[in-house]
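Note that the coordinates shown come from a computational prediction; the quantities given were computed from them, not determined experimentally. Just so it is clear: chains get the letters A, B, ... in the order the sequence lines come, proteins before strands, and each one is counted from 1.
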Amino acid sequence: MKSGNSYYLTTPIYYTNAAPHLGHAYTTIAADTIRRFKGMQGLNAVLATGTDEHGVNVERAAQAQGKTPQEYCDVIAEEFREQWRTLGLAIDRFERTTSDRHARNVQDLFLRCRDRGYVYKGQYQGQYCIFDNLYVNEAKPGDPCPECGRPTETVTEENYFFRLSKFQDKLLDLYNDRPDFIQPDTRRNEVIAFVKQGLQDLSITRTSIKWGIPVPGEPQHVFYVWFDALTTYLSAVQGENLWPADLHLIGKEIVRFHAVYWPAFLMAADLPLPKKIFAHGWLLFENDKMSKSRGNIVRATPISKVLGADALRYFLLREVVFGQDGSFSYDALVGRYNSDLANGLGNLASRTLTMIHQYCGGAVPESGGASHIAEAATKTTAMALDYFEKLDFSRALEGIWGLIAAVDKFIVERAPWKLARAGGEARQQLEETLYSAAEALRIITALLYPVIPESAEKIWWQLGYTHPISEVRTRDLNWGRLAPGQLLGAVSGVFPRADAKASIERMRALETEEYARQQALLGKSVPVPAPRADSKISIDEFLKIDMRVGVVKEAAAVKGSDKLLHLQVDIGEAKPRSIVAGIAGAYKPEALIGRKVAIVANLQPRKLKGLESQGMIIAASLDDGPPALVSFMEDAPIGARLR
RNA sequence: GCCGGUGUAGCUCAGGUGGUUAGAGCGACGGUCUCAUAAUCCGUAGGUCGCAGGUUCGACUCCUGCCGCCGGCACCA
């Protein structure tokens, strides 16, 4: 049972296939912010994160470095831990899929599901690449392996299956009864649409993988990804009365696993379901998707080293609407930093505290404050708390900055420096002004603690407090709590203005270093799928592939497909080859006619959308980028062989 | 192809159930104060509200079609 005063939230557990980058940091920073906010509400907030360490990719990465999987994972898991430490994130539990208690949990969950009749042994049939030891879930017989391009083989093996098909109605009821279960609504709608079209049973074990948690009593079976990974949410707080989780914070790419599979597993095991799943959007880098193949992944620590972790936290939560995709760029980051943090909050703190030192001997003056500022502060507080509760961070921050602007304006209107010179009756006005500014600053600072904890605490000390800001509760946000007579601490700038050009250069330089360091950690062959030593092929093997120069005679879009073009390619044979190619995203049919291309001529024909494809067009492409057709600088004769 | 979302100032975005001169923040430009981090504050410039029709006395706001972008499914990988 869960204790009423607690709030348990999780991030996904991160796959040890990659080193931590800004995307990981984004989720974890948001989670840390929520955790602190819940703490401010007086709840015992517990944040769990961790690492997903099983599977073939990890096994292979370890092997490439001559390490055991466990040794390899120890290094990467520590890298994640260290990352969160460096960023000052308050991680309460760090669960690894390789922990003993987790293995027992996965096995228990499995047994509970099996005992209730939701698990059965069946035949898995699918495509498998022997070379890469990889299951290609959606591939059809004859399809190439996405990793190495070799043909996949149809394998049949004995697996355990989970009866996901039994849960369609229960899941739909769940989404219907608890509209907040999946947020934002667009994700919810997608999940409902997905479940409505029917669910297939899920293979949850494999026999060909070794690096994983064994099925009880049958060690040749090992649990496959999601059954293992999702269960860490239970393992992380085992025996702590914290389950069910109040919030699973995830990225939108793993919504299905959390919103469909996970509740089904739990229902099957008769365990309570998490309260809410919130999927945030992707962080783009200067409007492009961050991906390994583009080489535009950014890491968090270089940013925090130059502008501070709080600058990054503020930027991510202010600039990006939580739940939608957002864009990171160094320019925008520094822009936000200077305009909002340095000129806005930092400057307000600096001017307010300095004036109290100069005009009031460093003690909070005696006053109730100006009523319209008190009102504005009260309104802003209510609004910001409401937005925080809804995880609408950008709106909350926007509102808080409205209050900062109001106080700045008020200071200029009152001109305390003039009041101080005037003396006499102006004294009371001066004190009211400075009390208002200081009290507003106190409230603003406390409200911002979940988002910028380190800087908020600095301002907090400067306001003269001796207890940590983490002890502030929402009721303390009421106007008038700042005690007159309280002696301020020494003033020092919290967000010094940044030279845009210099700081960007510095961040870029550090980023390069950090990238190199992480690459070394991972072993070179992991991030860039370069050919490995044992993947060399003989010339004979190569010559089996018959590549020919051809010219496109006809090209047309394929009905009912976004990606396919149907081409007629002349390679000097009696009849042009009919070739179906997935290049519609990059090429208009008419632009291809007459173009010289390279094709693989001895590929087994196959049917795509009812059209026979008698070959394959050679194109260069990244995982997620548009393909670029191979072409020739010099005139290449039709039918010529490539070798 | 089906479903959903979206397209408003240079940038990021607000604009319940249609109604006087379409807003904010940042950026730019001009000015001001001097407590403060060349900060603050005041002001100015800048928008055919994706395009084309339609409904209406009147549409950014409703309807239809088209175009662009994003996502889900299918498909592909």
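Spacing of C1' atoms, B:rA28 relative to B:rC11, comes out at 12 Å, to the nearest Å. B:rG68 and B:rG15: their P atoms are spaced 27 Å apart (whole Å). Nucleotides B:rG16 and B:rU12 place their C1' atoms 23 Å apart, quoted to the nearest Å. Across the P atoms, B:rC75 and B:rA59 are found 46 Å apart, a figure rounded to whole Å. Taking atom P in both B:rC76 and B:rG4, the straight-line distance is 24 Å, to the nearest Å. B:rA36 and B:rU20 have their C1' atoms separated by 43 Å, with the value rounded to a whole Å. With C1' as the reference atom, B:rG7 and B:rA14 are 15 Å apart, rounded to whole Å. B:rC13 and B:rC70: their P atoms are spaced 15 Å apart (whole Å).
Taking atom CZ on A:F495 and atom P on B:rA36, their separation rounds to 20 Å, with Å as the unit. One can place CD of A:E413 at 19 Å from P of B:rU32, the figure rounded to the nearest angstrom. We find that CG of A:D325 is positioned 15 Å from P of B:rU6, with the value rounded to whole Å. Between A:D392 atom CG and B:rA14 atom C1' the separation is 13 Å, expressed in whole Å. The distance between atom CG of A:D408 and atom P of B:rC41, rounded to the nearest whole Å, is 5 Å. Atom CD1 in A:I411 sits about 8 Å away from atom C1' in B:rU40, given to the nearest Å. Spacing between atom CG of A:L441 and atom C1' of B:rU40 amounts to 15 Å, rounded to whole angstrom units. Taking atom CD1 on A:I404 and atom P on B:rG25, their separation rounds to 14 Å, with Å as the unit.
Partners of A:K170 according to the side chain to side chain contact (heavy atoms under 4.5 Å, CB included) rule, which considers only residues two or more places apart in sequence or in another chain, are A:Y118, A:F167, A:M267. Applying the salt bridge (Lys or Arg N to Asp or Glu O under 4.0 Å) rule to A:E431 yields the partners A:R427; only residues at least two apart in sequence or on another chain are considered. Partners of A:T380 by side-chain hydrogen bond (donor to acceptor under 3.5 Å, both in side chains), not counting sequence neighbours: none found.
The list of salt bridge (charged side-chain N to carboxylate O under 4.0 Å, His left out) pairs with a residue in residues 345-367 of chain A, not counting sequence neighbours, reads A:R351-A:D408. Residue pairs meeting the salt bridge (charged side-chain N to carboxylate O under 4.0 Å, His left out) criterion with at least one partner in residues 375-389 of chain A, sequence neighbours excluded, are A:K38-A:E389, A:D386-A:K390. For the side-chain hydrogen bond (donor to acceptor under 3.5 Å, both in side chains) condition, the pairs that include at least one residue of residues 187-196 of chain A, sequence neighbours left out, are A:R187-A:E190.
Considering only heavy atoms from C-beta on, A:M547 stays 4.5 Å or farther from A:I599 through its side chain.
The residue A:S350 sits close to a base: some heavy atom pair falls under 4.0 Å. Using a 4.0 Å heavy-atom distance criterion, A:P416 is classed as making no nucleic acid contact. Using a 4.0 Å heavy-atom distance criterion, A:G335 is classed as making no nucleic acid contact.
Between A:R497 and the phosphate of B:rA39, there is a side-chain N or O to OP1/OP2 separation shorter than 4.0 Å. Between A:K418 and the phosphate of B:rC35, there is no side-chain N or O to OP1/OP2 separation shorter than 4.0 Å. A close approach under 4.0 Å does not occur between any side-chain nitrogen or oxygen of A:Q324 and OP1 or OP2 of B:rC70.
With the nearest nucleotide of RNA chain B identified for both A:V321 and A:G344, A:V321 has the one nearer the 5' end. Of the residues near RNA chain B, A:S339 and A:L348, the one whose nearest nucleotide (by heavy atom distance) lies more toward the 5' end is A:S339.
Within residues 187-198 of chain A, the residues having any heavy atom closer than 4.0 Å to RNA chain B are, in order of number, A:R187, A:E190, A:Q197. Within residues 251-261 of chain A, the residues approaching RNA chain B are A:K252, A:R256, by heavy-atom distance under 4.0 Å.
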Taking distance alone, no hydrogens or angles, what donor-acceptor pairs closer than 3.5 Å link side-chain atoms of residues 315-324 of chain A to residues at least two apart or in another chain?
residue	atom	partner	partner atom	Å
A:E319	OE1	A:R336	NE	2.6
A:E319	OE1	A:R336	NH2	3.3

Report all side-chain donor-acceptor pairs from residues 413-421 of chain A shorter than 3.5 Å, counting only partners two or more places apart or in another chain.
residue	atom	partner	partner atom	Å
A:R414	NH1	A:E432	OE1	3.1
A:R414	NH1	A:T433	OG1	3.0
A:R414	NH2	A:E432	OE1	2.8

Could you list the donor-acceptor pairs under 3.5 angstrom formed between side-chain atoms of residues 252-261 of chain A and any protein atom two or more places apart in sequence or on another chain?
residue	atom	partner	partner atom	Å
A:K252	NZ	A:D325	OD1	2.8
A:K252	NZ	A:D325	OD2	2.9
A:E253	OE1	A:W282	NE1	2.7
A:H258	ND1	A:I254	O	3.0
A:H258	NE2	A:Y233	OH	2.7

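Here the two rings, on A:Y26 and A:H280, have centers that are under 6.0 Å apart.
Base pairing in RNA chain B yields stems of at least 3 consecutive Watson-Crick or G-U pairs, both distances under 3.5 Å, namely B:1-7 with B:67-73, B:10-13 with B:23-26, B:28-31 with B:41-44, B:50-54 with B:62-66.
Minimum atom distance to the side chain of A:V412 is reached by B:rU40, of the listed B:rU34, B:rU40, B:rA36.
Exactly one residue among A:W401, A:Y337, A:F393 makes a ring-ring contact (aromatic ring centres under 6.0 Å, His included) with A:Y314. That residue is A:W401.
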Subject >> Worked verdict on A:L345 versus A:D340 for side chain to side chain contact (heavy atoms under 4.5 Å, CB included) >> reply: CA-CA 7 Å; A:L345 177 61; A:D340 295 2; over 6 Å; no
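Here the straight-line distance linking atom CG of A:L448 with atom CG of A:L341 works out to 9.0 Å at 0.5 Å rounding.
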